[in-house]
Amino acid sequence: MPVVKLDKTITLAMSVSDRHRSAAWYADMLEFKLLYHMDDAGWSELETKTPGVTIGLGEHAEPAPGNMVPVFGVDDINVERANLEAAGVRFDGETETVEGMVSTATFYDPDGNALMIAQDLTEGG
């Protein structure tokens with residue numbers, strides 16, 4: 001039995017220098033559909049051609065190309081984080097919440113690769 005119950009979504013989070021420019025590039029080059037820009041949070045999200053898979057663009061003054069973090073959707077982040085911690089999984093700090101949007105928690109695989117779990121807090125999420 002798995003330690004964490006994942007939903008059927010995954011977001012591939014990347015750091016970029018200009019989310020609006022990058023979102024336009026992904027729309028033009030790969031026909032991804034812009035879902036939204038959340039300027040207050042420095043985040044944009046696009047729907048890919050693969051059901052349940054989105055690209056998340058986090059704006060950073062000094063982006064880290066090649067540093068992509070898979071973000072796995074969960075129904076209850078507190079339960080799933082507790083399950084992972086009980087299994088000895090290392091987390092990077094506390095769970096972070098953007099009210100009305102999302103709660104996320106970063107954790108690491110045995111080789112130190114960063115992964116995240118996220119709970120959608122939007123209406124209907």
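Of all heavy-atom pairs spanning Thr95 and Ser103, the tightest one is CG2-CB, 4.1 Å. When all heavy atoms of Arg19 and Ser44 are compared, the closest pair comes out as NH1-OG, 2.6 Å. Closest approach of Arg81 and Gly93 over heavy atoms only: NH2-O, 2.8 Å. Minimum interatomic distance between Ala27 and Leu46 (heavy atoms only, all atoms of both residues): N-CD2, 4.5 Å. Heavy-atom minimum distance, Thr11 versus Gly56: CG2-N, 3.7 Å.
For Glu80, the salt bridge (Lys or Arg N to Asp or Glu O under 4.0 Å) criterion is met by no residue, not counting sequence neighbours.
The distance from the OG1 atom of Thr104 to the CD atom of Glu94 is 12.0 Å, given to the nearest 0.5 Å. Rounding to the nearest 0.5 angstrom, the gap separating the CE atom in Met101 from the CH2 atom in Trp43 is 7.0 Å. Atom CZ of Phe107 is separated from atom CG of Asp92 by 12.0 Å, given to the nearest 0.5 angstrom. Taken from OG in Ser17 to CD in Glu59, the straight-line distance is 7.5 Å, to the nearest 0.5 Å. Between the CG atom of Asp109 and the CZ atom of Arg90 there is a distance of 9.5 Å, given to the nearest 0.5 Å. Going from atom NZ of Lys33 over to atom CD1 of Ile55 covers 15.5 Å, rounded to the nearest 0.5 Å.
For the pair Thr48 (side chain) and Thr50 (backbone), a donor-acceptor distance under 3.5 Å is present.
For the residue pair Thr54/Glu45, the side-chain donor-acceptor check at 3.5 Å is satisfied.
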request  = Output, in order, the C-alpha distance, side-chain angles, deciding distance and verdict of side chain to side chain contact (heavy atoms under 4.5 Å, CB included) for Glu85 and Phe91.
outcome  = CA-CA 8 Å; Glu85 287 176 324; Phe91 277 78; 3.6 Å; yes
request  = Please test Val74 against Leu6 for side chain to side chain contact (heavy atoms under 4.5 Å, CB included), starting from the C-alpha separation and ending with a verdict.
outcome  = CA-CA 5 Å; Val74 296; Leu6 301 176; 3.9 Å; yes
task = Go through the steps for Asp18 and Val16 under the test side chain to side chain contact (heavy atoms under 4.5 Å, CB included), then give the verdict.
result = CA-CA 6 Å; Asp18 182 328; Val16 297; over 6 Å; no
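Under the 4.5 Å side-chain heavy-atom criterion for ILVMFWY residues, no single connected hydrophobic cluster contains both Met116 and Val53. Note on Tyr108 and Leu115: separate hydrophobic clusters, where clusters join Ile, Leu, Val, Met, Phe, Trp and Tyr whose side-chain heavy atoms are under 4.5 Å apart, directly or indirectly. In this structure, Val71 is not a member of the same hydrophobic cluster as Ile10, with clusters built from ILVMFWY side-chain heavy atoms closer than 4.5 Å.
Residue Phe32 forms a side-chain contact (heavy atoms from CB on, under 4.5 Å) with just one option from Leu35, Leu34, Leu30, and that option is Leu30. Of the options Val102, Ile77, Thr97, a side-chain contact (heavy atoms from CB on, under 4.5 Å) to Gln119 is made by Ile77 and by none of the others.
Under the 4.0 Å criterion applied to side-chain N and carboxylate O atoms, Asp76 and Lys5 are not assigned as salt-bridge partners.
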